[in-house]
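Because the structure is a prediction, the values reported are computed rather than measured.
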Amino acid sequence: MVDTGMSWRLLKNMDVWLPAVLATLTESQSTSRGGAESEGDTESEAGSRLRAVSTEPDMRLQPMNLPRQCLASGHSKSCQTASIATAEASVQTRKHADAEVQTEVPAPVGARTVAQHDSPRLAAFLRRVEAMVIRELNKNWQSHAFDGFEVNWTEQQPTVTCLHTLGYPPAQGQGLHVTSVSWNTTGSVVACAYGRLDDGDWSTLKSFVCAWNLDRRGLNPQQPSAVVEVPSAVMCLAFHPTQPSHVAGGLYSGEVLVWDVSHPEDPLLWRTGLTDDTHTDPVYQVLWLPEPRHSHRFQVLSVATDGKVLLWQGGGAGQLQLTEGFALVVQQLPRNTKLKKPPRGETEVGATAVAFSGFDPSLFVLGTEGGFPLKCSLAAEEAALTRMPSSVPLRAPARFTFSPHGGPIYSVSCSPFHRNLFLSAGTDGHIHLYSMLQAQPLASLQLSHKYLFAVRWSPVRPLVFAAASGEGDVQLFDLRKSSQKPTVSIKQTQDDSPVYCLEFNRQQTQLLAAGDAKGTVKVWQLSTEFTEQGPREAEDLEQLAAEVAT
């Protein structure tokens, strides 16, 4: 608070102290600076000794810079006045302002600028080392020490994990096997076929096709989203390439059917029926192929152990109609490799598996009961030497015979990254890697002492494939790491029951589905090492094919 009494006394006695102050100021200016400095007084040090605030709001006495001699008690040679009473007061206002001052960072003491360097000596040094630096850079440019190195900023998943264990208790209660699995075109639905792959007559065995939508909330792994009852064991399945709910199946009875699993109350779309055109043996694989003149329309291709390869088109009245047919006859097999003689009187060669080339739509590979793969063509024109009844002329498709396995082939798979490479798996426990250009396999891997039921190339990794074994394992191979042993071996069944089928998901490439003899479908999530293509991987595959084929 301001002492108003003190302020009033100062104003009242102004005629006493003001002349003395003025006289003192005049005397101070006339004295030399040395005298002022000897006394240790400056104007700034003597300033603001008197602060008084008037009682009136707009009347203020400004601080005066008074020499210290005038303010001290007692007398001095420069001030002959009585002691001056002083008072200090502060005024608080509401208005305030903040201000910032930016200054440049001062240069460190002793730092030398660029212009201060000894330019001639620096230039001489650079000229002296120039040749050596260029020589080392050229050497590094030609080095292959870091070929294939790539920084991967994604977090690596160290293991393969099981996301879902699916099953249908009524089918499992009958002791049915999962004989085939297939992903639909969206990658969200997986379907399985229930049947039997062991010996016996399963043509009249009631069976099922089940589908699970893995993206649906509240997924019940023991309750499929769609169940189709089938009057015969289902041996194989294949979803339509563009229709997410259409799935084709081949039966033990030789029939081929197409269902719409989005209408479980009435799912059947087409069937072949039991006619002269129908297979007389179990159908082991079905595929969808685009029509030659209408790529948006698809046909169903089926292969069976009766030696026929048939193409079907959906027609009216729910009937699949035969459009083209091929027959494998012993006498018409190419003789480029030595094969075992067939049993007396047997003329047909049973087909057990099929795979089409992704580079030539007319080229396909067949696996056979005799253990030898066959390179075949849809463009073949030679008539098949067979007496099997058919509503269309049957042609001989085989163009080249490859060296056989030690037993029947159960699965073949063409590489999606190389036009000449394919894999085959058979009952001898071996996987063979073949080139279309030579009969002998490029490599032979023994994976099991029992049967191998399925093999599939990865859709995203050129050097990766998976195999299903009769010892209950799903084995993942990365040829970049090893060409003799699996990179990861996944135990699907705890009692070593066979794994009969597997399929990669082409949309969600980290997923792999496998079905087994316990009636279970397991969906595995693959680690990133199996889903991310490494640098130069396609080139390594090309080199593998070229080195051995020469």
| Which atom pair, heavy atoms only, marks the closest approach of S302 to W312? | OG-NE1, 3.0 Å

| query | Where do Q332 and L385 come nearest, in terms of heavy atoms and distance? | reply | OE1-N, 2.9 Å

| query | So, are D496 and K450 salt-bridged, with charged N and O less than 4.0 Å apart? | reply | no

| query | Any sub-3.5 Å donor-acceptor pair from S497's side-chain atoms to A517's backbone N or O? | reply | no

| request: Please state whether the rings of Y194 and F208 are parallel, tilted or perpendicular, taking 30° and 60° as the class boundaries. | output: perpendicular

| query | Rounded to the nearest 0.5 Å, what separation is found between the CG atom of L257 and the CG atom of L320? | reply | 7.5 Å

| request: Test side chain to side chain contact (heavy atoms under 4.5 Å, CB included) on F504 and S458 and set out the steps. | output: CA-CA 7 Å; F504 286 97; S458 165; 4.2 Å; yes

| query | With a cut-off of 6.0 Å (strictly less than), are more than 12 heavy atoms of other residues, nucleotides or ligands near NZ of K375? | reply | yes

| field | Sidechain-backbone polar pair: W288 side chain, A238 backbone, donor-acceptor under 3.5 Å | value | yes

| note | CE (M388) and CD (E348) are apart, to the nearest 0.5 Å, by 4.5 Å

| Roughly how far, to the nearest 0.5 Å, is the CG atom of L237 from the CH2 atom of W259? | 6.5 Å

| message | Could you check whether any side-chain heavy atom of V460 comes within less than 4.5 Å of a side-chain heavy atom of Q533, counting everything from C-beta outward? | response | no

| salt_bridge(D360, R419) N-O dist < 4.0 Å | no

| task | Kindly say whether A355 contributes a backbone atom to a donor-acceptor pair with the side chain of S413 at under 3.5 angstrom? | result | no

| request: Please answer whether the main-chain N or O of G519 pairs with a side-chain N or O of Q172 as donor and acceptor at a distance below 3.5 Å. | output: yes

| field | Verdict with supporting geometry, H405 and H432, ring pair (Phe, Tyr, Trp, His ring centres under 6.0 Å) | value | CA-CA 8 Å; H405 282 258; H432 286 180; 3.8 Å; yes

| said: Please find the pair of heavy atoms, one from A384 and one from A327, that lie closest to each other, and give the distance. | reply: CB-CB, 3.8 Å

| query | How far does CD of E529 sit from CZ of R480, to the nearest 0.5 angstrom? | reply | 9.0 Å

| message | For D281, is there any backbone N or O sitting under 3.5 Å from a side-chain donor or acceptor partner on H279? | response | no

| Looking at Q285 and V354, what are the two nearest heavy atoms and their distance? | OE1-N, 2.9 Å

| message | Checking the side chain of Q319 only, and the main-chain atoms of T272 only, is there a donor and an acceptor separated by less than 3.5 Å? | response | yes

| said: For R216 and S188: C-alpha separation, side-chain torsions, deciding distance, then whether side chain to side chain contact (heavy atoms under 4.5 Å, CB included) applies. | reply: CA-CA 9 Å; R216 180 172 296 177; S188 60; over 6 Å; no

| note | Checking Y500, F453, Y284 against Y410 for ring-ring contact (aromatic ring centres under 6.0 Å, His included), the one that qualifies is F453

| query | With a 3.5 Å cut-off and no angle check, do the side chains of D277 and T275 form a donor-acceptor pair? | reply | no

| field | Polar side-chain atom of K308 near backbone of G325 as donor-acceptor pair, under 3.5 Å | value | no

| task | Answer yes if the side chains of E369 and T352 hold a donor-acceptor pair under 3.5 Å, and no otherwise. | result | no

| query | With side chains defined as the heavy atoms from C-beta onward, is the minimum distance between N505 and V523 less than 4.5 Å? | reply | no

| message | Using only atom types and a distance under 3.5 Å, with no angle test, would you say the side chain of E471 pairs donor to acceptor with the backbone of S448? | response | no

| request: Mark yes when over 12 heavy atoms from residues, nucleotides or ligands other than Y451 sit less than 6.0 Å from its OH; otherwise mark no. | output: no

| Would you call M235 and L197 a side-chain contact if the rule is heavy atoms closer than 4.5 Å? | yes

| Would L378 and L289 satisfy side chain to side chain contact (heavy atoms under 4.5 Å, CB included), going step by step from the backbone distance to the final call? | CA-CA 11 Å; L378 293 177; L289 296 179; 4.2 Å; yes

| Side chain T493, main chain D495, donor-acceptor under 3.5 Å | no

| note | So the side chain to side chain donor-acceptor pair (under 3.5 Å) pairs with at least one residue in residues 230-256 (sequence neighbours excluded) are H240-T242, S245-D260, E255-R271

| In this structure, which one of L463, L447, V464 forms a side-chain contact (heavy atoms from CB on, under 4.5 Å) with F477? | L447

| query | Is there side-chain contact between Q484 and L445, with at least one heavy-atom pair below 4.5 Å? | reply | yes

| request: Answer with yes or no after comparing the ring centroid distance for F402 and F422 against a 6.0 Å cut-off, counting only values under it. | output: yes

| query | If you round to the nearest 0.5 Å, how far is CD of E537 from CD of E542? | reply | 13.5 Å

| task | Would you indicate whether K485, at its atom NZ, is surrounded by more than 12 heavy atoms from other residues, nucleotides or ligands within a distance under 6.0 Å? | result | no

| Do W212 and C192 touch side chain to side chain, with heavy atoms closer than 4.5 Å? | yes

| What distance do Q438 atom CD and S403 atom OG have between them, rounded to the nearest 0.5 Å? | 9.0 Å

| request: Please say which of L502, L423, L433 ends up in a side-chain contact (heavy atoms from CB on, under 4.5 Å) with V455. | output: L423

| Within-4.5 Å side-chain heavy-atom neighbours: P334 and T401 | yes

| Going through the checks in order, is the side-chain hydrogen bond (donor to acceptor under 3.5 Å, both in side chains) test met by Q508 and W183? | CA-CA 10 Å; Q508 302 181 52; W183 294 95; over 6 Å; no

| Is there a donor-acceptor pair under 3.5 Å between the side chain of Q299 and the backbone N or O of L311? | no

| task | Work out which heavy atom in L328 is nearest to a heavy atom in A351; give both atom names and the distance. | result | CD1-CB, 4.1 Å

| With a 4.5 Å heavy-atom cut-off, do L214 and L219 have their side chains touching? | yes

| remark: Between A398 and C376, the two heavy atoms sitting closest are CA-SG, 3.8 Å

| request: Check whether any side-chain heavy atom of F372 lies under 4.5 Å from a side-chain heavy atom of L333, and answer yes or no. | output: yes

| Can L452 and S411 be said to form a side chain to side chain contact (heavy atoms under 4.5 Å, CB included), step by step? | CA-CA 8 Å; L452 289 178; S411 182; over 6 Å; no

| task | Check step by step if salt bridge (charged side-chain N to carboxylate O under 4.0 Å, His left out) holds for E291 and R297. | result | CA-CA 6 Å; E291 291 187 19; R297 297 173 59 181; 3.6 Å; yes

